[in-house]
Amino acid sequence: MAEKQKEMSFLGHLEELRWHLVRGVTAIFILAIVFFIFAEEIYDNFLLAHIQPDFITYRLFCDMFNFFGMDSEFCHITFADKKLQSIEVTSQLMNSIWSSLILGFIASFPYILWETWRFISPGLTKSEINQSRGFIFIASLLFFLGVLFSFYVIAPISVQFLYNYQISDAIVNSFTLESHIGLVTNMLLGVSILFELPVLIYFLTKIGLITPEFLRRYRKHALVLVLIAAAIITPPDVASQVIVAIPILILYEISIKVSARVIKNQQKNANKSPRV
């Protein structure tokens, strides 16, 4: 009888998980349909914005470098007249569908977190729920800060550099729609997920896989990795690399504080527990 109740409980959890997934996927598809309907506006003002010479980031970076008496490639944008190629019959349609799905996921991220929280929270204690209060807001805030940082900093820096990088004058850059949109959307997703580092460290510390001592011990290694990553995705000038590296390093330091706070709370709760 007990085994039957356990089996029913397990199946009940699977059924509940299925409906949470259905609602999350439904939200993505609904928003994707909206983005698909307004595809022209989204492409012109968002996905293709970085190949416009008057994009706000280029102007701000140019003014900033001029203020410090430095010349910059951002003051000499040269890819404005280039057109992206669509070399397959279905490429524009499929690209707009795929981009709409990605943007649908990004826009519905808070709702997906909420559905995830609704599934997990019944298995948590009252103390754990209180400690995790604000999880959806903080995780969503970090995610959208990553979207903004990617769109206004990393994507324009990378597009400007890659569009103008040329090994030889005998080679002509002629890019496809898929390559440009893939570059932008991958950066949006990748950087946004990277900005979830403090949340990830929180849960890894909760289950005992990460400690603040470990993060502090490998701080120098993390600094080197961040600078290498910044050098890869930015033009070869120090100012641009620093602009990209600083927020990531700040997130790492925040993650150390988060990990230390989790350990402190665990020790406090352990001291409060009655001794046998």
Side-chain angles (χ1 to χ4, degrees), residues 17 20-21 24 102 105-155 158 185-234 241-273:
L17 175 61
H20 285 299
L21 291 174
I102 293 176
F105 170 78
I106 292 174
S108 62
F109 186 76
Y111 179 77
I112 294 172
L113 283 180
W114 184 63
E115 287 290 349
T116 304
W117 176 251
R118 287 181 61 195
F119 177 72
I120 296 175
S121 58
L124 301 178
T125 64
K126 185 176 180 180
S127 174
E128 289 173 333
I129 292 176
N130 290 334
Q131 292 176 10
S132 303
R133 189 168 295 168
F135 160 73
I136 296 176
F137 173 77
I138 293 172
S140 298
L141 177 64
L142 290 172
F143 185 84
F144 288 115
L145 284 176
V147 171
L148 292 175
F149 183 67
S150 175
F151 182 76
Y152 285 107
V153 180
I154 294 185
S158 301
T185 54
N186 287 338
M187 284 183 180
L188 288 174
L189 282 177
V191 176
S192 302
I193 293 173
L194 179 62
F195 267 58
E196 294 296 313
L197 180 63
V199 177
L200 176 63
I201 293 300
Y202 172 84
F203 286 107
L204 291 179
T205 305
K206 289 281 287 185
I207 61 178
L209 292 179
I210 290 292
T211 63
E213 291 75 19
F214 175 85
L215 295 174
R216 293 189 186 102
R217 186 184 311 126
Y218 290 97
R219 181 189 275 118
K220 294 181 180 179
H221 301 78
L223 173 61
V224 173
L225 292 176
V226 168
L227 292 176
I228 292 174
I232 292 173
I233 63 178
T234 61
Q241 294 170 14
V242 170
I243 289 172
V244 172
I246 286 177
I248 301 176
L249 293 175
I250 291 174
L251 285 173
Y252 190 85
E253 293 299 322
I254 292 175
S255 298
I256 295 176
K257 300 294 184 183
V258 169
S259 181
R261 180 67 180 270
V262 171
I263 296 296
K264 182 179 179 181
N265 289 336
Q266 288 177 339
Q267 293 174 346
K268 185 185 299 183
N269 292 333
N271 294 332
K272 290 182 179 179
S273 300

Contacts under 3.5 angstrom, residues 144-155 side chains, donor-acceptor by atom type, not counting sequence neighbours:
unit_1: Ser150; atom_1: OG; unit_2: Met187; atom_2: O; d: 3.1
unit_1: Ser150; atom_1: OG; unit_2: Leu188; atom_2: N; d: 3.4

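- Nearest heavy atom pair, residue Ile263 against residue Pro212, reads CG1-CD, 3.7 Å.
- The side-chain hydrogen bond (donor to acceptor under 3.5 Å, both in side chains) pairs that include a residue from residues 216-225 are Arg219-Glu253, where partners are two or more places apart or lie in different chains.
- Rounding to the nearest 0.5 Å gives a distance of 13.5 Å between CZ of Arg118 and CG of Leu113.
- How far OH of Tyr202 is from CD1 of Ile207: 12.0 Å, rounded to the nearest 0.5 Å.
- Judged purely by atom type and a 3.5 angstrom limit, Ser259 has no side-chain atom pairing as donor or acceptor with the backbone of Ser255.
- Scored by the side chain to side chain contact (heavy atoms under 4.5 Å, CB included) test, Leu249 finds Leu223, Val226 as partners (sequence neighbours excluded).
- Atom CD1 of Ile136 is separated from atom CD1 of Ile112 by 12.0 Å, given to the nearest 0.5 angstrom.
- Taken from CG in Leu197 to CD1 in Ile248, the straight-line distance is 9.5 Å, to the nearest 0.5 Å.
- One N or O on the side chain of Tyr252 and one on the backbone of Leu215 form a donor-acceptor pair closer than 3.5 Å.
- Applying the side chain to side chain contact (heavy atoms under 4.5 Å, CB included) criterion to Ile254, with sequence neighbours excluded, gives Pro198, Ile250, Val258.
- Atom CG of Leu251 is separated from atom CD1 of Ile201 by 11.0 Å, given to the nearest 0.5 angstrom.
- In this view, Leu189 and Ile102, Phe105, Ile106 satisfy the side chain to side chain contact (heavy atoms under 4.5 Å, CB included) rule, not counting sequence neighbours.
- A distance of 11.0 Å separates CZ in Phe203 from OG1 in Thr205, rounded to the nearest 0.5 Å.
- Side chain of Thr211 to main chain of Phe214: a donor-acceptor pair is present (N/O by atom type, distance under 3.5 Å, no hydrogens or angles).
- A search for side chain to side chain contact (heavy atoms under 4.5 Å, CB included) contacts involving Ala107 returns Leu31, Phe35, not counting sequence neighbours.
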